[in-house]
Amino acid sequence: MTRNVLFYARHSAGYHDHACLETQLYYGHRFIKENGWTFVKSYADEDIGEVVFMAQPGVRKLFAHIERETVDIVLCHTLDRLCSRFDIASRLLSELARKGIELWAADPGERITARNLSDHYIDDRSTMLAMGSHIAHVPDDLREDEHLVPLPFGYRYKGAFNADRQYIFGFTAVDADAANAVQQIFQLYAEGMSPAKIAALLNTVSVTGPRGKAWRDVTIRGDRTQSTGILNDEIYLGRFWIPGRDRFDFVPALQIVTQDLWYRVKQRQRLAARGVAE
């Protein structure tokens, strides 16, 4: 006999860096499939706190679904994505049990009962989940552009390992076509062409700009004092921030512009600031 499952997800905020909605759904669907259950519907909420837990739209819709249709299991990815406070989880568990519905967490892959509920919380049961509770990382096949923060022009996402065999999250690779455009921008500016003329040239030859938009001089020029604009972004020197570290690192494989070309551009910018060059 099949078991009908409602899945609940809550948008991640704060330190739950890896529990995005897509990740939760990924593991939820996989767990349902592994157990031969039937996925019925998913509901989700923003992470707006739990004082108003039962008033959140996703929770209300989930319970409305329970009232009108037969549901056997309410599943969440990890218990913190359902609720992170013991008192709320306990009341929720009791309410579901009263309706004959089981509560499960895909990670660690177990049914949540009154007997094991306290295992997920620290001694002060009114507070957050215990350290070490299950918070899973994003699976590799979810490391796609639409799920991640946009990268600077010239790069694309690609999972990779660094020289120390540490996995660089979602990480970055040079986009060859875009990198060629970046190099051309730096070279043309160093040779005396203005950002406005460079933008016009790139648009004339149909080079797609950042975010798929047409090139504008401000996109190239930016603000030197604020390090904005193509010509001022040190990322093209291979200066990247790698998750898990508290500083920027030099990543040779991601360097697009040479130190010499960067220096020539900076020199011309200084002249331009003094009115010697455009």
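This chain uses plain numbering: 1 for the first residue, then up along the sequence. Hydrogens, waters and symmetry mates play no part in the numbers below; they use all other heavy atoms, side chains included.
- For Ser90, the side chain to side chain contact (heavy atoms under 4.5 Å, CB included) criterion is met by Phe86, Leu117, not counting sequence neighbours.
- In the hydrophobic cluster analysis, where Ile, Leu, Val, Met, Phe, Trp and Tyr join through side-chain heavy atoms closer than 4.5 angstrom, Leu62 is grouped apart from Ile32.
- Contacts classified as salt bridge (Lys or Arg N to Asp or Glu O under 4.0 Å) and involving residues 223-237 (residues at least two apart or in different chains) are given here: Glu234-Arg239.
- Note on Val5 and Tyr26: separate hydrophobic clusters, where clusters join Ile, Leu, Val, Met, Phe, Trp and Tyr whose side-chain heavy atoms are under 4.5 Å apart, directly or indirectly.
- The shortest distance between side-chain heavy atoms of Val74 and Ile66 falls below 4.5 Å.
- In the hydrophobic clustering of this structure, Phe250 does not group with Tyr263; members are Ile, Leu, Val, Met, Phe, Trp, Tyr whose side-chain heavy atoms approach within less than 4.5 Å, directly or through other members.
- Taken from CG in Leu202 to CD in Gln184, the straight-line distance is 5.5 Å, to the nearest 0.5 Å.
- We find that Glu95 and Lys99 are joined by a salt bridge, their nearest charged nitrogen and carboxylate oxygen being less than 4.0 Å apart.
- For the ring pair (Phe, Tyr, Trp, His ring centres under 6.0 Å) test, residues two or more places apart in sequence or in another chain that qualify with Phe39 are His29.
- Grouping the Ile, Leu, Val, Met, Phe, Trp and Tyr side chains by contacts below 4.5 angstrom, directly or via other members, places Phe31 apart from Val71.
- No donor-acceptor pair under 3.5 Å is formed between the side chain of Tyr236 and the backbone N or O of Phe186.
- Every residue meeting the side chain to side chain contact (heavy atoms under 4.5 Å, CB included) condition with Glu110, not counting sequence neighbours, appears here in chain and number order: Pro108, Ile112, Asn116, His120.
- Contacts of Gln269 classified as side chain to side chain donor-acceptor pair (under 3.5 Å), with partners at least two apart in sequence or in another chain: Asn232, Lys266.
- For the atom pair CG of Leu261 and CD1 of Ile256, the computed distance is 11.5 Å after rounding to the nearest 0.5 Å.
- Under the side chain to side chain donor-acceptor pair (under 3.5 Å) criterion, no residue pair touches residues 200-220, with sequence neighbours excluded.
- In terms of the side chain to side chain donor-acceptor pair (under 3.5 Å) criterion, Thr228 has no residue partners (sequence neighbours excluded).
- Listed by chain and number, the residues in a side chain to side chain donor-acceptor pair (under 3.5 Å) with Glu69 are His65 (sequence neighbours excluded).
- Atom-to-atom distance recorded for Leu75:CG and Arg3:CZ is 11.5 Å, nearest 0.5 angstrom.
- Lys41 pairs by the salt bridge (Lys or Arg N to Asp or Glu O under 4.0 Å) definition with nothing, not counting sequence neighbours.
- No donor-acceptor distance shorter than 3.5 angstrom exists from the side chain of Arg221 to the backbone of Gly229, with no hydrogens or angles considered.
- Leu237 is connected to Ile185 through a chain of hydrophobic side-chain contacts under 4.5 Å among Ile, Leu, Val, Met, Phe, Trp and Tyr, so both are in one cluster.
- Considering CD1 of Ile220 and OG of Ser194, their distance stands at 9.0 Å, rounded to 0.5 Å.
- Looking only at distances, a side-chain donor or acceptor of Asp72 sits under 3.5 Å from a matching main-chain atom of Asn4.
- By the side chain to side chain contact (heavy atoms under 4.5 Å, CB included) test, Lys61 is found to be paired with Tyr43, residues two or more places apart in sequence or in another chain being considered.
- Every side chain to side chain contact (heavy atoms under 4.5 Å, CB included) that Arg111 has, sequence neighbours left out, goes to Glu102, Trp104, Thr113.
- Pairing each heavy atom of Ala190 with each of Arg264, the nearest pair is CB-NH2, 3.8 Å.
- A donor-acceptor pair is defined here as one N or O able to donate and one able to accept, closer than 3.5 Å; no such pair exists between the side chain of Arg10 and the backbone of Asp45.
- With rounding to the nearest 0.5 angstrom, the CZ atom of Arg81 is 12.5 Å from the CG atom of Asp107.
- Listed by chain and residue number, Glu191 satisfy the side chain to side chain donor-acceptor pair (under 3.5 Å) test with Gln187 (two or more places apart in sequence, or in another chain).
- For the ring pair (Phe, Tyr, Trp, His ring centres under 6.0 Å) test with His77, the passing option among Tyr27, Phe7, Tyr8 is Tyr27; the others fail.
- To the nearest 0.5 Å, the span separating CH2 on Trp37 from CD1 on Ile73 amounts to 3.5 Å.
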